[in-house]
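Whatever order the structure lists them in is the order used to number ligands and atoms, beginning at 1.
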Amino acid sequence: MANASADPRLMGREVKRIVFSEQDIADRVAALGREIAHAYPDGELLALGLLKGSFMFTADLVRHIPRPLQVDFIVAGSYGSGTVSSGNVRLLYDPETNMEGKHVLLVEDIVDSGRTMQKLVDLLETRRPRSLQICALLHKHIAEHLEHPVRFVGFDAPNEFLVGYGLDHAENFRHVPYIASLA
Ligand code: IMP
Ligand code: MG
C-alpha cells in the first residue's frame, strides 16, 4: 500500500509512515518459521500465541514452520486496577493443552518493557515444559535487562507507537495488514 492515508481501514487517522510493509512482514515471518523449525529438531512443539495482539502473527508463523506442532492461545490480564501493568499477571484463558515435556514457544506481538512477558514465563515454567522460549514479532529493546531473553525476534522496532498486523490502538487497526506508526 503506497499511500496509507488513503487506506479506509485507518478511519481517517493520519499515519506517520509505514514501518514494515506486507512484503517485509511476509518475508521475515517465513524466515523466522524456518529458523524455528531448525531450532527444534525433535520433541513436541507447542506454539502458544498471546492474545489478542499475536493472532495474525501466530496464524502466519505456524504455516511457515515445517514440522509437527500444536497451536494454542493464552489470554493474560493483570491483577489490580488501572492500565499500568501491576507486575502481577494472571491467565484469563488457560490453555487446555498439557505443556509438560513439550517445547513451548510463547508467541508475542511486541516486547516493550517486557514486563508482561517475563511474568508469563515465570508462570508457564510451573507447568514443567521441556523448554520455554519467546518469539516476538517486534522488539523495542527498551528493557535494560530481561531475565528471560527473547530467543526469536522478527524485527527491531523503533520507539514509536505502532499499529497493524495485530497491534491495536484502543482496539482499532488490528486488521491492517502492514505495520504503521501513528502520527
Ligand atoms: P510490555 O509488558 O511493556 O512489554 O507491553 C507489551 C504489550 O503492550 C504488547 O503485547 C502490546 O499489547 C502493548 N504494546 C506495546 N507497545 C505497543 C505499540 O507500539 N503498539 C501497540 N501495542 C503496544
Ligand atoms: Mg494492546
Using 30° and 60° as the class limits, which term best fits the ring planes of Phe20 and Phe155: parallel, tilted or perpendicular? parallel

Asp60 meets the side-chain hydrogen bond (donor to acceptor under 3.5 Å, both in side chains) criterion, sequence neighbours left out, with Arg63, Tyr165

Mark up the atoms of ligand 1 that fall under 4.0 Å of a heavy atom belonging to Lys140, in ascending order. 16 (N), 17 (C), 18 (C), 19 (O)

Gly53 heavy atom under 4.0 Å from ligand 1: no

Hits for side-chain hydrogen bond (donor to acceptor under 3.5 Å, both in side chains) against Glu147, two or more places apart or cross-chain, chain-then-number order -> none

Taking distance alone, with no angle check, do Gly114 and ligand 1 share an N/O pair under 3.5 Å? yes

Among Ile110, Leu51, Leu146, closest by heavy atom to atom 14 (N) of ligand 1 is Ile110

Using a cut-off of 6.0 Å, state whether more than 12 heavy atoms not belonging to His38 lie near its atom NE2. no

Does even one non-hydrogen atom of His169 get within less than 4.0 Å of ligand 1? no

Report yes or no: does Arg115 have a heavy atom closer than 4.0 Å to ligand 1? yes

With Ile179, the side chain to side chain contact (heavy atoms under 4.5 Å, CB included) member among Leu137, Ile110, Asp24, Asp109: Leu137

Can you check whether Leu45's main-chain N or O pairs, donor with acceptor, with Arg130's side chain at less than 3.5 Å? no

The atoms of ligand 1 lying under 4.0 Å from a heavy atom of Asp168, numbered in the order shown, are 21 (C)

